[in-house]
Amino acid sequence: MKRSNLDLVDITDIQRQRAARSPARMSMRRCQGLLLSLAVGALSSGCAVEASDGDEEASIGDASAALMTGAVQLYAARNFSGRTASFDVDKGTIADSGRLAAAGLHNAVGSLSLFGVPSSGSVFVFEHEDASGRFVSVTGNATSPVMVPELPHLYHRASVVWVADHGSGSIRIPLQALADRARNIPLPQMRRVSWRQPTLRLRPMQGFADAIVEGEVRVPFPLRNRKVRITVHIRPEVSSPTDVRFVYAGYERDIRPCWSNDGPICGPMAQEIDRHMDSAGIQHQLDESLNNMLLEAGKRLSALTCPGGSLGVRRVNVLPTAIEFVVAETETERGCLEVVRAFVPDDGLSLDRPAGMVSTGIL
């Protein structure tokens with residue numbers, strides 16, 4: 001039995017706050033103050049950004065952001081043969097299982113090609129509809145087609161095609177670093193449950209990170225061998241170049257085996273979990289713990305002191321293996337970041353946009 005607390009985020013208030021706030025850019029000369037703003041100011045700010053259904057990124061809505069262009073051509077067989085369909089490239093999901101099925105390509109993609117997609121864009125093909133399981137990513141090339149004659153890792157197993165726009169410069173926090181931070185999430189103090197360390201899963205299509213905590217009930221029959229799982233939803237949000245934070249967006253709980261969530265066996269356990277997760281104190285602890293994940297990103301940004309121009313976090317991409325803070329859109333901004341790159345060793349700054357690169361992984 002699951003419970004969702006996603007209504008904790010009041011979308012109406014969010015929209016009202018965004019309308020009242022001017023998302024002015026931050027000068028590069030002011031980057032030294034960003035660490036304090038991220039690590040402290042983000043905790044006290046109540047502003048957030050609404051997330052649209054299936055959108056992978058939180059954005060400040062900068063009108064200067066470059067648009068993704070091009071098309072993805074899918075083929076049913078190897079070497080670009082068999083049934084085929086073309087999908088225009090945009091940010092987010094460009095072909096879900098329904099669109100693929102309508103084209104006769106759900107679980108039937110054998111090869112693909114990219115036309116006119118810039119190298120700042122990555123096309124992801126996922127095994128399952130929720131962007132889980134195996135995946136293949138292909139970066140674009142604006143000047144020539146990118147040809148993948150056989151879909152590695154996912155031949156005739158593709159369910160979703162999704163696109164991420166990395167901009168011209170970004171800072172990436174890898175999954176392992178995020179998972180280390182997730183261990184600070186407070187757990188319900190239940191004397192009959194033995195909790196394991198939290199694990200973290202990134203959900204690109206939903207724009208969330210899920211901290212998953214599992215526990216085992218250690219009591220005599222009839223509760224013997226029951227399992228408890230709590231999934232805490234974390235959403236990165238950007239409301240201005242200096243206001244970036246992770247928001248506790250709700251949770252789900254699962255007690256197994258459990259025939260009735262209101263019954264005498266599982267009911268008290270469910271109520272105890274809900275009391276813990278719903279309390280204001282726990283909400284504060286979660287906010288504080290999760291926003292500590294931004295500390296390193298804030299340090300990296302605070303070191304970028306290019307003269308002139310403007311710089312700040314434009315949006316956040318939840319990728320399969322990292323969370324990415326896009327800080328540059330144009331080649332001019334990228335060139336400025338190149339200047340300071342030598343002074344920021346091992347900082348997670350990502351400026352390379354290799355064209356036509358194919359990689360695989362498992363979520």
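- Applying the ring pair (Phe, Tyr, Trp, His ring centres under 6.0 Å) definition to pairs two or more places apart or across chains, those involving residues 80-103 are Y75-F80.
- Nearest approach of P152 to V136, heavy atoms of both residues: O-CG2, 2.8 Å.
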task = Evaluate side-chain hydrogen bond (donor to acceptor under 3.5 Å, both in side chains) for S168 paired with E331, printing each intermediate quantity in order.
result = CA-CA 6 Å; S168 61; E331 285 303 309; 5.2 Å; no
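- Although no hydrogens or angles enter the test, the distance criterion places a donor-acceptor pair under 3.5 Å between the side chain of R334 and the main chain of L351.
- Between K227 and E214 there is no salt bridge, since no side-chain N of the basic residue sits under 4.0 Å from a carboxylate O of the acidic one.
- With sequence neighbours excluded, no residue forms a salt bridge (charged side-chain N to carboxylate O under 4.0 Å, His left out) with D96.
- Counting only heavy atoms from C-beta outward, the side chains of V228 and D254 never approach each other to under 4.5 Å.
- Salt bridge present: R314 and E333 bring a charged side-chain N and a carboxylate O closer than 4.0 Å.
- Between the side chain of R315 and the backbone N or O of D165, at least one donor-acceptor pair lies under 3.5 Å.
- Salt bridge annotation for R201-D130: present, with a cationic side-chain nitrogen under 4.0 angstrom from a carboxylate oxygen.
- By the salt bridge (charged side-chain N to carboxylate O under 4.0 Å, His left out) test, R99 is found to be paired with no residue, residues two or more places apart in sequence or in another chain being considered.
- Residues satisfying the side chain to side chain donor-acceptor pair (under 3.5 Å) test with S159, not counting sequence neighbours, are H106.
- Using modelled atom types and a 3.5 Å distance limit, the side chains of Y251 and D274 yield a donor-acceptor pair.
- Contact record, Y155 with G110: CE1-CA, 3.3 Å, taken as the closest heavy-atom pair.
- Sequence neighbours left out, the pairs with a member in residues 74-85 that pass salt bridge (Lys or Arg N to Asp or Glu O under 4.0 Å) are R78-E150.
- When the side chain to side chain donor-acceptor pair (under 3.5 Å) test is applied to E129, the partners found at least two apart in sequence or on another chain are S97.
- In this structure, the side chain of D90 does not engage the main chain of T69 through any donor-acceptor pair within 3.5 Å.
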Enumerate donor-acceptor pairs with a distance under 3.5 Å from any side-chain N or O in residues 354-363 to protein atoms, sequence neighbours excluded.
residue: S359; atom: OG; partner: S137; partner atom: OG; Å: 2.5

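- Applying the side chain to side chain donor-acceptor pair (under 3.5 Å) rule to S194 yields no partners; only residues at least two apart in sequence or on another chain are considered.
- One N or O on the side chain of S111 and one on the backbone of A77 form a donor-acceptor pair closer than 3.5 Å.
- Atom OG1 in T199 sits 4.5 Å away from atom CD1 in I212 (nearest 0.5 Å).
- Every residue two or more places apart in sequence or in another chain that forms a side chain to side chain contact (heavy atoms under 4.5 Å, CB included) with A71 is listed here: S86, D88.
- With hydrogens and angles ignored, the 3.5 Å screen pairs a side-chain donor or acceptor of H156 with a backbone N or O of A76.
- The minimum heavy-atom distance between I255 and A270, with the atom names listed, is CD1-N, 3.8 Å.
- Side-chain contact check for S170 and E324: at least one donor-acceptor pair (N or O, by modelled atom type) lies under 3.5 Å.
- Annotation: side chain to side chain donor-acceptor pair (under 3.5 Å) contacts of Q197 (sequence neighbours excluded): none.
- The shortest heavy-atom contact between A322 and P174 is CB-CA, 3.9 Å.
- Here the straight-line distance linking atom CD of Q206 with atom NE2 of H233 works out to 9.5 Å at 0.5 Å rounding.
- Residues T143 and N141 bring a donor and an acceptor atom of their side chains to less than 3.5 Å of each other.
- The shortest heavy-atom contact between L202 and L175 is CG-CD1, 3.8 Å.
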task = List the steps, then state whether salt bridge (charged side-chain N to carboxylate O under 4.0 Å, His left out) holds for E272 with R253.
result = CA-CA 11 Å; E272 188 171 359; R253 54 167 163 73; over 6 Å; no
Would you be so kind as to tabulate the donor-acceptor pairs closer than 3.5 Å made by side chains of residues 117-127, with sequence neighbours excluded?
residue: S119; atom: OG; partner: R353; partner atom: O; Å: 3.3
residue: S122; atom: OG; partner: H166; partner atom: NE2; Å: 2.7
residue: E127; atom: OE1; partner: R134; partner atom: N; Å: 2.9
residue: E127; atom: OE2; partner: R157; partner atom: NE; Å: 3.4
residue: E127; atom: OE2; partner: R157; partner atom: NH2; Å: 2.6

